[in-house]
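Structure record follows, encoded as structure tokens.
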Amino acid sequence: MNRFLQNAFSLALFAAFAFLFSFCQNNAADKKTDAAADAKQAPDTTVFSTERDTLIGFKGMERAAYTRPAAGTAEYRYQRYKIRTVDMNSQPGQSITITPLDSADGYNVPAGITGFFAGVVGDVLFMDIGTGPSLREILVFNLKTKKAVLKSEYVGDPEVLDNGKFWYLRPTDEKEVTKMPDCPERAEWEKNGFTVGYGQVCIYNPATNTEVRKSEWRCVQMQ
């Protein structure tokens with residue numbers, strides 16, 4: 001009787017070890033399979049092959065469908081135009097090609113205009129020019145006439161208003177500011193090693209190609 005019980009116990013113990021070994025092997029295989037699948041499905045963060053909605057450029061620009069067919073190249077599809085940008089190797093800036101959606105013929109922003117694409121609103125394309133963080137230039141390009149209609153230095157954060165007009169700050173020397181604006185963040189900026197600059201409020205109307213310089217100023221953080 002004791003020998004029978006010993007044999008039965010041994011068989012049960014052997015079966016338990018066999019089951020445990022098989023389970024561990026299967027689990028390890030599943031983990032390897034999952035890891036391989038995850039590695040295979042990892043997204044390419046350099047080149048995007050599917051369109052995605054994004055907001056490019058200054059605040060208030062139209063939303064566009066966005067693709068990146070190759071490194072250093074991007075395409076933006078708006079309601080009326082397709083914009084293609086290619087990063088330049090010889091200097092800071094982009095080559096910009098415009099193609100109206102109702103035409104197969106595209107054209108480039110003239111070679112003498114070098115900067116970075118900053119968005120589209122209606123029939124107007126915006127470019128940001130410069131390499132420094134504080135004092136830069138804005139260029140407004142009319143997509144119908146194929147001509148630059150505004151070029152100005154700016155400070156702060158430009159934006160297109162709800163009425164379609166372009167609001168920006170034109171840099172101004174402190175001695176030319178006739179009504180000094182409040183600057184509650186001045187102490188904090190100077191504490192962190194920045195300086196204070198001033199910008200005159202300007203509003204450009206693309207529809208009439210006119211600009212109004214208001215008797216208003218803002219203080220801005222400068223490096």
Side-chain angles (χ1 to χ4, degrees), residues 54-62 64 66 72-76 78 81 83-98 107-161 163-178 181 183 185 189 193-223:
T54 186
L55 196 63
I56 181 72
F58 300 124
K59 182 179 178 182
M61 298 294 152
E62 288 184 11
Y66 167 61
T73 302
E75 290 185 355
Y76 306 90
Y78 292 90
Y81 300 93
I83 310 297
R84 181 183 179 92
T85 66
V86 179
D87 294 343
M88 293 181 176
N89 296 323
S90 58
Q91 59 184 316
Q94 297 170 320
S95 171
I96 302 175
T97 303
I98 302 107
Y107 61 93
N108 292 334
V109 170
I113 302 175
T114 304
F116 298 92
F117 176 59
V120 165
V121 175
D123 295 309
V124 176
L125 180 146
F126 293 81
M127 293 179 64
D128 190 15
I129 302 172
T131 56
S134 294
L135 193 61
R136 303 178 65 83
E137 287 185 299
I138 177 70
L139 185 138
V140 181
F141 188 82
N142 188 303
L143 296 173
K144 284 188 172 181
T145 62
K146 303 179 183 179
K147 294 180 180 179
V149 291
L150 174 71
K151 185 178 182 182
S152 172
E153 291 183 333
Y154 77 91
V155 291
D157 299 313
E159 66 176 286
V160 173
L161 306 176
N163 58 13
K165 296 179 181 180
F166 182 62
W167 183 100
Y168 73 100
L169 298 175
R170 186 183 290 263
T172 308
D173 289 336
E174 184 174 354
K175 63 179 180 291
E176 297 177 359
V177 178
T178 59
C183 196
E185 298 170 299
W189 292 343
F194 299 101
T195 59
V196 175
Y198 298 92
Q200 183 178 13
V201 175
C202 296
I203 300 177
Y204 172 75
N205 187 346
T208 59
N209 192 26
T210 56
E211 180 184 79
V212 174
R213 299 186 188 181
K214 301 178 75 64
S215 298
E216 298 178 27
W217 288 264
R218 303 282 190 274
C219 67
V220 293
Q221 176 182 289
M222 303 287 287
Q223 290 190 2

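Geometric assessment of Lys146 against the ring of Phe141 yields a negative cation-pi assignment under the 6.0 Å and 45° thresholds.
Legend: salt bridge (Lys or Arg N to Asp or Glu O under 4.0 Å) pairs involving residues 117-131, not counting sequence neighbours, sorted by first then second residue: Arg80-Asp123, Asp123-Lys144, Asp128-Arg136.
From Thr210, atom OG1 reaches atom CG of Leu150 across 10.5 Å, with rounding to the nearest 0.5 Å. Lys151 NZ to Glu137 CD: the interatomic distance, rounded to the nearest 0.5 Å, is 4.5 Å. The SG atom of Cys219 lies 6.5 Å from the OH atom of Tyr198; values are rounded to the nearest 0.5 Å.
Between Ile98 and Val120 there is no side-chain heavy-atom pair separated by less than 4.5 Å. Val196 places a side-chain heavy atom less than 4.5 Å from the side chain of Cys183. When side chains are defined from C-beta on, Pro171 counts as touching Glu153, because their heavy atoms get closer than 4.5 Å. Arg213 is listed as a side-chain neighbour of Glu211, based on a closest heavy-atom distance under 4.5 Å.
With hydrogens and angles ignored, the 3.5 Å screen pairs no side-chain donor or acceptor of Asp173 with any backbone N or O of Glu176. A donor-acceptor pair under 3.5 Å is absent between the side-chain atoms of Glu62 and the main chain of Gly119, judged by distance alone. Side chain of Thr172 to main chain of Arg170: a donor-acceptor pair is present (N/O by atom type, distance under 3.5 Å, no hydrogens or angles).
Partner of Met127 under the side-chain contact (heavy atoms from CB on, under 4.5 Å) criterion, out of Val140, Ile138, Ile113: Ile113 alone. None of Tyr204, Phe126, Tyr154 except one satisfies the ring-ring contact (aromatic ring centres under 6.0 Å, His included) rule with Phe166; the exception is Phe126.
For the pair Val124 and Pro206, the tightest heavy-atom approach, listed with the atom from each and the gap, is CG2-CB, 3.7 Å.
Using bins of under 30°, 30° to 60° and over 60° for the plane-to-plane angle, the ring pair Phe117/Tyr78 lands in the perpendicular bin.
The number of heavy-atom neighbours closer than 6.0 Å to CG of Asp157, taken from other residues, nucleotides and ligands shown, is 12 or below.
Side-chain atoms of Thr97 and Asn108 include a donor-acceptor pair closer than 3.5 Å.
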*Could you check Glu159 against Trp167 for side-chain hydrogen bond (donor to acceptor under 3.5 Å, both in side chains), going step by step and ending with a plain yes or no?*
CA-CA 5 Å; Glu159 66 176 286; Trp167 183 100; over 6 Å; no
